[in-house]
There are 2 protein chains.
Amino acid sequence: MSISSRFSVGVHILSLLEIYKNETKSSEFIAGSVNTNPAVIRKIMGMLKNAGLVNVRPGVAGAELAKNLDEITLLDVYKAVNVVQENELFSVHDHPNPECMVGRNIQETITPILSIAQSALEKALGSVTISDVVKDIEEKEKINSK
Amino acid sequence: MSISSRFSVGVHILSLLEIYKNETKSSEFIAGSVNTNPAVIRKIMGMLKNAGLVNVRPGVAGAELAKNLDEITLLDVYKAVNVVQENELFSVHDHPNPECMVGRNIQETITPILSIAQSALEKALGSVTISDVVKDIEEKEKINSK
DNA sequence: TTACATGTAATCATTGTAATTACATGTAAC
DNA sequence: GTTACATGTAATTACAATGATTACATGTAA
């Protein structure tokens, strides 16, 4: 199992909107960079739009960030593209046997523990912004072009 | 997407081995508590055995914990049942366009960030032991039986 | 009205999960 | 050694999510 690449694609898109901010960025252009189908990009862009992270208009080529770079965290993207539901990163077996001491208590015991672990993950994502990502891309670009 | 319930089932099994330590615990008995098929239990038990967490013998009903309760963390179980591969909780789109500045740097930029997030999750799991889980089950049992 | 963009639904191949069945193998008691 | 019963494990199935693709309705500006 693995968290959908919609998330990493979402981060890619937002970074690209910033780095190519002076150019027209159609879904086809973005798809070329991500290396996927334009319809996939449009679907993800729709999610980012619903979350208030980007501005796109039907019929008009081009998209822009709807917020400042440093006001968008990876957690915002993660939530926007809907890769993991609230408190459902871990699936717990349902209908354990209520006639067994373990069966009738395991869910109630384990759920808060898993929830804490999921929060730790999300907190880590919340501490990184698209601004950080863009800066890192620019640094790597410098280093690699030498 | 969701992390396989093999993990929560694994925790269930280990807790059950402790709580019913004085009784014979066949895969069928355990399956009755978890509410699944005995073959599923045997498969997961095999993984727990490979990880050195339980002792089981072919042909002999019954299984036991192979370590002390407080020496088994949920992270051990999580790794044992193989629900998430090393550094692969997040999937990253592959083959982004190397002719694009974002495309040629995004993977190298994003991978360590995702790795840190995954580590935060795993660290949280590493701080809880089966002993903690068993104690919590016993407490909940007391409260609910009043 | 034309050219071209986004929005979105439907389809498809692929993959992972969990349940189930079946059977080979192992063990202990008799 | 044979019987009874357990674990080990492979094969099959139904189901759900992903990502790619196609198709087309809708929106916009020249």
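Throughout, protein chains are lettered first and strands after them, A, B, ... in sequence-line order, and every chain is numbered starting at 1.
What separates NE2 of A:His93 from C1' of C:dA18 is a distance of 13 Å, to the nearest Å. To the nearest angstrom, P of D:dA6 lies 19 Å from CG of B:Asn55. When the P atom of D:dT9 is taken as reference, atom CD1 of B:Ile41 falls 16 Å away, rounded to whole Å. Atom CZ in B:Phe29 sits roughly 17 Å away from atom C1' in D:dT7 (whole-Å rounding). Residue A:Asp94 contributes atom CG, which lies 10 Å from atom P of C:dA18 at whole-angstrom precision. Taking atom CE of residue B:Met47 and atom P of nucleotide D:dT7, one finds them 17 Å apart after rounding to whole Å. Per the geometry, CD1 belonging to B:Ile30 stands 11 Å off P belonging to D:dG8, to the nearest Å. Rounded to whole angstrom, the span from the CD atom of B:Gln85 across to the P atom of C:dT15 amounts to 15 Å.
Comparing C:dT27, C:dA22, C:dT8 by their closest approach to the side chain of B:Arg42 singles out C:dA22.
Using the six-membered ring where Trp is involved, A:Phe7 and B:Phe90 have ring planes that are tilted, between 30° and 60° apart.
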Can you check nucleotides 17-21 of chain D for protein contacts, nitrogen or oxygen pairs under 3.5 Å, and list what you find?
unit_1, atom_1, unit_2, atom_2, d
D:dG19, OP1, A:Ser5, N, 2.9
D:dG19, OP1, A:Ser5, OG, 2.7
D:dG19, OP2, A:Ser4, OG, 2.4
D:dA20, OP1, A:Thr36, OG1, 3.4
D:dA20, OP2, A:Thr36, OG1, 2.6

Listing time: all N or O pairs from protein to nucleotides 2-5 of chain D that are below 3.5 Å?
none

Kindly give the atom pairs (protein nitrogen or oxygen, nucleotide nitrogen or oxygen) under 3.5 Å for nucleotides 12-15 of chain D.
none

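A donor-acceptor pair under 3.5 Å links the side-chain atoms of A:Asn105 to the main chain of A:Met101, judged by distance alone. When atom types are taken as modelled, the side chain of B:Ser91 and the backbone of A:Ser5 share a donor-acceptor pair closer than 3.5 angstrom. In this structure a side-chain-to-backbone donor-acceptor pair under 3.5 Å is present from B:Lys49 to B:Val56.
Using a 4.0 Å cut-off on heavy atoms, none of the residues of residues 12-21 of chain B approach DNA chain C.
Minimum interatomic distance between A:Ser15 and A:Val133 (heavy atoms only, all atoms of both residues): OG-CG1, 3.5 Å.
B:Arg104 and A:Glu141 are joined by a salt bridge, as a carboxylate oxygen and a charged side-chain nitrogen come within less than 4.0 angstrom of each other. Salt-bridge annotation for A:Lys21 and A:Glu18: present, with a side-chain N of the basic residue lying under 4.0 Å from a carboxylate O of the acidic one.
Residue B:Glu99 places its CD atom among 12 or fewer non-hydrogen atoms of other residues, nucleotides or ligands, all under 6.0 Å distant. Annotation for B:Glu86: atom CD does not count as buried by contact number, only 12 or fewer foreign heavy atoms lying within 6.0 Å. Shown here is B:Lys79, whose NZ atom has no more than 12 heavy atoms of other residues, nucleotides or ligands within 6.0 Å. More than 12 non-hydrogen atoms from other residues, nucleotides or ligands lie less than 6.0 angstrom from NZ of B:Lys140.
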List the steps and the verdict of side chain to side chain donor-acceptor pair (under 3.5 Å) for A:Ser115 and A:Asn87. CA-CA 6 Å; A:Ser115 179; A:Asn87 248 15; 2.9 Å; yes
So B:Thr36 and A:His93, side chain to side chain donor-acceptor pair (under 3.5 Å) or not? Walk me through it. CA-CA 9 Å; B:Thr36 183; A:His93 56 296; over 6 Å; no
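In this structure the side chain of A:Val92 never reaches within 4.5 angstrom of the side chain of B:Val9, judged on heavy atoms. The shortest distance between side-chain heavy atoms of B:Leu121 and A:Leu89 falls below 4.5 Å.
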Can you give the dot-bracket line for DNA chain D, where a pair is Watson-Crick or G-U wobble with both atom distances under 3.5 Å, crossing pairs use [ ], and | marks a partner on another strand? ||||||||||||||||||||||||||||||
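The shortest distance between the side-chain N/O atoms of A:Arg57 and the OP1/OP2 oxygens of C:dG7 is not below 4.0 Å. Here B:Lys49 reaches the OP1 or OP2 of D:dG8: one of its side-chain N or O atoms lies under 4.0 Å away.
Residue-to-nucleotide proximity on DNA chain D shows that, of A:Val60 and B:Gly62, the 5′-proximal contact is made by B:Gly62.
Connection of B:Val60 to B:Met45 is not established within any shared hydrophobic cluster, with ILVMFWY side chains joined at heavy-atom distances below 4.5 Å, either directly or through further cluster members.
B:Lys142 meets the salt bridge (Lys or Arg N to Asp or Glu O under 4.0 Å) test with no other residue; sequence neighbours excluded.
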